[in-house]
Chemist: 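Dumping the structure here so I can ask a few things about it.
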Number of protein chains: 2
Amino acid sequence: MEGSAPRRTRIQQEKRELILEAALEVFSANGFRGSTIDQIAEAAGMSKPNLLYYFRRKEDIHETLMQRLLDTWLAPLRELDDIGDPLTELRSYIRRKLEMARDFPRESRLFANEILQGAPRIMPMLEGDLKTLVDEKATVIKGWMRAGKIARTDPWHLIFSIWATTQHYADFDVQVRAVLGADRGGNGRFEDAARFLEQLFLDGLKPKG
Amino acid sequence: MEGSAPRRTRIQQEKRELILEAALEVFSANGFRGSTIDQIAEAAGMSKPNLLYYFRRKEDIHETLMQRLLDTWLAPLRELDDIGDPLTELRSYIRRKLEMARDFPRESRLFANEILQGAPRIMPMLEGDLKTLVDEKATVIKGWMRAGKIARTDPWHLIFSIWATTQHYADFDVQVRAVLGADRGGNGRFEDAARFLEQLFLDGLKPKG
DNA sequence: CTAACGTTTGTCCAACCGGTCAAAATTTTG
DNA sequence: CAAAATTTTGACCGGTTGGACAAACGTTAG
């Protein structure tokens, strides 16, 4: 048994990777409809018909990209576990999400683009796997609240707020850099963000007293 | 002196409004390149050549829309003022931003689309007016911190986090609704979000001791 | 009424875009 | 090496899209 996946030669493996890398660059910058096959082909260093030899349709590239993305994208949340100190767990989840925004901004923007357009291609996944996962983690968080380990709030909105604040640094990167200016908007901005978010999520804004 | 703006008849005023409303609907749902003049014309109840009589180019519609948007979009931040209790000021800023996400989600998505694509059309504004405004408000917030009215943190990232968390409910609305499900994802979700965000920004997640 | 002006429409065009196809070039295999 | 299989390319196609344009239609003022 070779499995149901199509058999692929070495060249196919390599060229497909090349195309996916190029497509990630182009799609994340211009959105699906804003990107052309020619752009992707050029970014991958090949001709359009050649690219279409490896992916029959533009949608196939996008779909493959999206499937891969979702796996790795939700990994940090999957790791949020019941073992260990709750506040530490949450803090490291926030940190990992922020690192992903820093290291994989294109993936974040690809995802944001898809959601902004109404998630036409991944709606079933949102209502299925994603909802299941979030519900599961919400239960874990609720347990922490009942045990008095963290303050009582809405676990779903807590997760949303972590997604929102961390992904903001990838999706709205140009705005963040423009507002921070040349000095504060340099490479240190992610460490500043990490420090700020840690304080926000742990202590809020009330002055200590 | 009539000013430098082109003289417009009553019909022009009305039709232009009609077109802008239709274009907001279409652009915010499909992005700039994902939208066609035909779509906008149909949504506005007129023919394509007729629409092009009022706006010579597709870009002109988008530009007009964007200029109007920016004025109203930053109004809540402009109102953040030094008079009144700092924590109350911040709380009401958050509430107002969340209300805007609820009441003007199309505007939020239009803006998000523009930023995601690298803000090609509004970059000067981000580096100019927006940066100036944010820097100004950051100074106000710093004053509050020096006076011990709120905890010490980075004011710029504080503003980013408010933008991120509130706009998330407009930009990622489909995801929010999908994850919350039919019951919790109903109209009450904005009130839940308001309650959660108030707690997050004021007290954080540490359990009360 | 009619001339001037503003509005609307049908037709058309050139550029672009996703995708096909057959033939040529290359690589793999016996 | 030679046949078979795979990869690459140039030419092409039909549909879409942004936009031009002139003619027709409607409105308003003298």
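Note: hydrogens, waters and symmetry copies are ignored here, and every other heavy atom, side chains too, is used. So that the names make sense, note that chain A is the first sequence line, chain B the second, and so on, each numbered from 1. No experiment lies behind these values; they were computed from the predicted model shown.
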Chemist: Does B:F55 have B:R16 sitting over its ring (NZ/CZ under 6.0 Å from centre, angle to axis within 45°)?
Modeler: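 Yes, cation above the ring, under 6.0 Å and within 45°.
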
Chemist: Would you please name every residue forming a side chain to side chain donor-acceptor pair (under 3.5 Å) with B:E42, sequence neighbours left out?
Modeler: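 If we apply the side chain to side chain donor-acceptor pair (under 3.5 Å) test to B:E42, skipping adjacent residues, there are no hits.
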
Chemist: How long is the line joining OH of B:Y53 and C1' of C:dT7, in whole Å?
Modeler: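 Rounded to whole Å, this separation is 5 Å.
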
Chemist: Can you tell whether the side chains of A:E17 and A:R68 come within less than 4.0 Å, N to carboxylate O?
Modeler: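 Judged by the 4.0 Å cut-off on N to carboxylate O distance, A:E17 and A:R68 do form a salt bridge.
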
Chemist: So, OP1 or OP2 of C:dT9: does either fall under 4.0 Å of a side-chain N or O from B:N50?
Modeler: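 So the side-chain polar atoms of B:N50 do come within 4.0 Å of the phosphate oxygens OP1 or OP2 of C:dT9, strictly under.
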
Chemist: Not counting sequence neighbours, which residues clear side chain to side chain donor-acceptor pair (under 3.5 Å) with A:E136? List them please.
Modeler: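 Checked A:E136 against side chain to side chain donor-acceptor pair (under 3.5 Å); zero matches.
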
Chemist: Under 3.5 Å, side chain of A:K58 to main-chain N/O of A:S35, donor-acceptor pair present?
Modeler: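 Present.
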
Chemist: To the nearest 0.5 Å, what is the distance between CE (B:M46) and CD1 (B:I40)?
Modeler: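 Going from CE on B:M46 over to CD1 on B:I40, the span is 11.0 Å.
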
Chemist: List in numerical order all residues of residues 18-31 of chain B for which some heavy atom is under 4.0 Å away from an atom belonging to DNA chain C.
Modeler: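 Hits under 4.0 Å, by residue number: none.
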
Chemist: Please classify the nucleic acid contact of B:Y54 as base, sugar-phosphate, or nothing, using heavy-atom distances under 4.0 Å.
Modeler: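 The residue B:Y54 makes sugar-phosphate contact but no base contact.
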
Chemist: Excluding sequence neighbours, so at least two apart, what forms ring pair (Phe, Tyr, Trp, His ring centres under 6.0 Å) with B:Y169?
Modeler: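 B:Y169 satisfies ring pair (Phe, Tyr, Trp, His ring centres under 6.0 Å) with A:H157 only.
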
Chemist: Sequence neighbours left out, what passes ring pair (Phe, Tyr, Trp, His ring centres under 6.0 Å) with A:W144? Give chain and number order.
Modeler: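 So A:W144 forms no ring pair (Phe, Tyr, Trp, His ring centres under 6.0 Å) with any residue.
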
Chemist: I'd like the 5' and 3' limits of the part of DNA chain D contacted by chain B, with heavy-atom contacts below 4.0 Å.
Modeler: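 Boundary nucleotides touching chain B, in 5' to 3' order, are D:dT17 to D:dC21.
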
Chemist: Please list, one pair per line, the donor and acceptor atoms closer than 3.5 Å that link side chains of residues 170-183 of chain B to other protein atoms, with sequence neighbours excluded.
Modeler:
residue	atom	partner	partner atom	Å
B:D171	OD1	B:S108	OG	2.7
B:D173	OD1	B:R189	NH2	2.9
B:D173	OD2	B:R177	NH1	2.3

Chemist: Show each protein N/O and nucleotides 15-22 of chain C N/O combination with a separation under 3.5 Å, one pair to a line.
Modeler:
residue	atom	partner	partner atom	Å
C:dG18	OP1	A:S35	O	3.3
C:dG18	OP1	A:K58	NZ	2.9
C:dG18	OP2	A:I37	N	3.0
C:dG18	N7	A:K48	NZ	3.0
C:dG19	OP2	A:K58	N	2.8
C:dG19	O6	A:K48	NZ	3.3

Chemist: Return the angle between end axes of the helix from C:dC1-D:dG30 to C:dG30-D:dC1, with five pairs used per end and rounding to 10°.
Modeler: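 Inter-axis angle at the ends, rounded: 10°.
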
Chemist: List for me each residue that meets ring pair (Phe, Tyr, Trp, His ring centres under 6.0 Å) alongside B:Y54, sequence neighbours excluded, and say none if there are none.
Modeler: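 Per chain and number, B:Y54 pairs via ring pair (Phe, Tyr, Trp, His ring centres under 6.0 Å) with no residue.
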
Chemist: Is B:E191 paired with B:R102 through a side-chain N to carboxylate O contact shorter than 4.0 Å?
Modeler: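 Salt bridge absent between B:R102 and B:E191.
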
Chemist: What pairs with B:R95 under side chain to side chain donor-acceptor pair (under 3.5 Å), at least two apart in sequence or on another chain?
Modeler: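 Side chain to side chain donor-acceptor pair (under 3.5 Å) list for B:R95, sorted by chain: empty.
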
Chemist: Which residue pairs pass the salt bridge (charged side-chain N to carboxylate O under 4.0 Å, His left out) test with at least one member in residues 150-162 of chain A, sequence neighbours excluded?
Modeler: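 For residues 150-162 of chain A, and leaving out neighbouring residues, there are no salt bridge (charged side-chain N to carboxylate O under 4.0 Å, His left out) pairs at all.
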
